[in-house]
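What follows is a short report on a single structure.
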Amino acid sequence: MEPVRRKALVDAALRVIGDHGSLGVTMSDIARQAGVSPALAHHYFGSKEQLLIETIRSLLRQLRHDTVAALKAARTPRARLSAVIRVNFHADQFAPDTIAAWLAFYAEAQRSEETRRFLVIYARRLRSNLLADLKALLPADAAERIAEGAAAMIDGLYIRQSLKSAPIGIEASIALTEDYVNALLAATSPSLPLDTPGEKGKPYRTTQGQMT
């Protein structure tokens, strides 16, 4: 039962942090949400801080798993770039509770070196995944610039989504990021076909309307 209960506590931590909008929650709050006693929560994680660190690890593991799967399914560098963009707006990652948790962790990183280290890992992975396929399409300096811009746009759309009075949907967020990348690809290399993956195995369509 230990793996099941540990996961239940991590999931509960995400929900409670999302509800509160901060890390100012107690182990009792999280345990109550998970349906276990505070003593059992302390038994598995030792402290609230360790549970929160495991919650960050869990988010990063899921994001990495989804990214690897999406990249394996993509067939071209441009399709792989779209896969990286899309996976960062996956329904699980873009859920309100998850977004609230990410923002709370960013705030915590201002005082917690360990939290900051995990968020740096996330930022480096995102940049690396974007850069790998951009370098297959463009010179290195242009690839670096677009990777930085696309990563900043993804993070910015997460912040915008947290403004519940003006939410942006998953598909709209993906489209905005794709438009940004396509505009810079076209400006940097006008002859480059801007193909993006069709839905559910449909052919690719370029900006010239040709099917590939």
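The figures that follow rest on heavy atoms only: side chains count, while hydrogens, waters and symmetry mates do not. Since this is a predicted model, take the numbers as computed values, not measurements.
- No continuous path of ILVMFWY side-chain contacts below 4.5 Å connects Ile85 to Val68, so the two sit in separate hydrophobic clusters.
- Put simply, the side chain of Asp92 does not reach to within 4.5 Å of the side chain of Thr98, judged on heavy atoms.
- In the model, Glu178 has a side-chain atom that pairs as donor or acceptor with a side-chain atom of Ser82 under 3.5 Å.
- When the options Leu71, Thr76, Leu134, Asn129 are evaluated for a side-chain contact (heavy atoms from CB on, under 4.5 Å) with Leu81, the one that passes is Leu134.
- Note that OG of Ser47 is 8.0 Å distant from CG of Leu52, once rounded to the nearest 0.5 Å.
- When every heavy atom of Gly149 is checked against every heavy atom of Tyr180, the shortest pair comes out as CA-OH, 3.2 Å.
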- Given Asp97 and Trp102, is the side-chain contact (heavy atoms from CB on, under 4.5 Å) satisfied, shown in steps? CA-CA 9 Å; Asp97 287 351; Trp102 275 115; over 6 Å; no

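- The cationic atom of Arg5 (NZ for Lys, CZ for Arg) does not lie both less than 6.0 Å from the six-membered ring centre of Tyr44 and within 45° of the ring axis.
- Between the side chain of His20 and the backbone N or O of Val16 there is at least one donor-acceptor pair closer than 3.5 Å.
- Counting heavy atoms from C-beta outward, Asp155 and Tyr122 have side chains that approach closer than 4.5 Å.
- The minimum heavy-atom distance linking Ala74 with Arg80 is given by the pair CB-CG, 3.5 Å.
- Within 6.0 Å of CZ in Arg127 there are more than 12 heavy atoms belonging to other residues, nucleotides or ligands.
- Val87 and Ile170 fall into different hydrophobic clusters, where Ile, Leu, Val, Met, Phe, Trp and Tyr side chains are chained together by heavy-atom contacts under 4.5 Å.
- Looking at heavy atoms from C-beta onward, Thr115 lies out of side-chain contact with Tyr106 at the 4.5 angstrom threshold.
- The closest side-chain heavy-atom distance from Ile99 to Ile159 is not below 4.5 Å.
- The two residues Met153 and Leu176 make their nearest non-hydrogen contact at CE-O, 3.3 Å.
- Atom-to-atom distance recorded for Gln93:CD and Thr67:OG1 is 8.0 Å, nearest 0.5 angstrom.
- Between Tyr158 and Phe89, the ring planes are parallel. Angles under 30° get that label, and only those over 60° would be called perpendicular.
- Atom CG of Leu138 sits about 11.5 Å away from atom CD of Glu144, to the nearest 0.5 Å.
- Taken from CG in Leu63 to CZ in Arg125, the straight-line distance is 8.0 Å, to the nearest 0.5 Å.
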- Ile30 vs Arg15, side-chain contact (heavy atoms from CB on, under 4.5 Å): CA-CA, chis, key distance, verdict: CA-CA 8 Å; Ile30 297 170; Arg15 290 193 297 272; over 6 Å; no

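- In terms of heavy atoms, Ala101 sits closest to Leu14 at CB-CD2, 3.4 Å.
- Note: the hydrophobic cluster containing Leu184 does not contain Leu131 (ILVMFWY, side chain heavy atoms under 4.5 Å, direct or indirect links).
- Taking every heavy atom of both residues into account, Ser28 and Pro38 meet most closely at OG-CG, 3.6 Å.
- Gln50 is not listed as a side-chain neighbour of His42, based on a closest heavy-atom distance of 4.5 Å or more.
- Rounded to the nearest 0.5 angstrom, Leu23 CG and Ser112 OG are separated by 9.0 Å.
- Under a 3.5 Å cut-off, the side chain of Ser128 and the backbone N or O of Arg124 do not form any donor-acceptor pair.
- Leu51 has its side chain within reach of Met27: a pair of non-hydrogen atoms, C-beta onward, lies under 4.5 Å apart.
- Lys48 has its side chain out of reach of Thr26: every pair of non-hydrogen atoms, C-beta onward, lies at least 4.5 Å apart.
- Of the charged side-chain nitrogens involved, at least one lies within less than 4.0 Å of a carboxylate oxygen, so that Glu108 and Arg111 count as a salt-bridged pair.
- By the 4.0 Å N-to-carboxylate-O rule, Glu2 lies too far from Lys7 to be salt-bridged with it.
- Between Arg61 and Glu54, at least one side-chain N (NZ, or NE/NH1/NH2) sits under 4.0 Å from a carboxylate O, which counts as a salt bridge.
- Smallest separation of non-hydrogen atoms from Ala12 and Gln33: CB-CG, 3.7 Å.
- Hydrophobic cluster membership differs between Leu126 and Val120, with clusters built from Ile, Leu, Val, Met, Phe, Trp and Tyr side chains linked at under 4.5 angstrom.
- No side-chain heavy atom of Arg78 sits under 4.5 Å from any side-chain heavy atom of Asp133.
- Interatomic distance, OG1 of Thr55 versus CZ of Phe118, reported as 11.0 Å (0.5 Å rounding).
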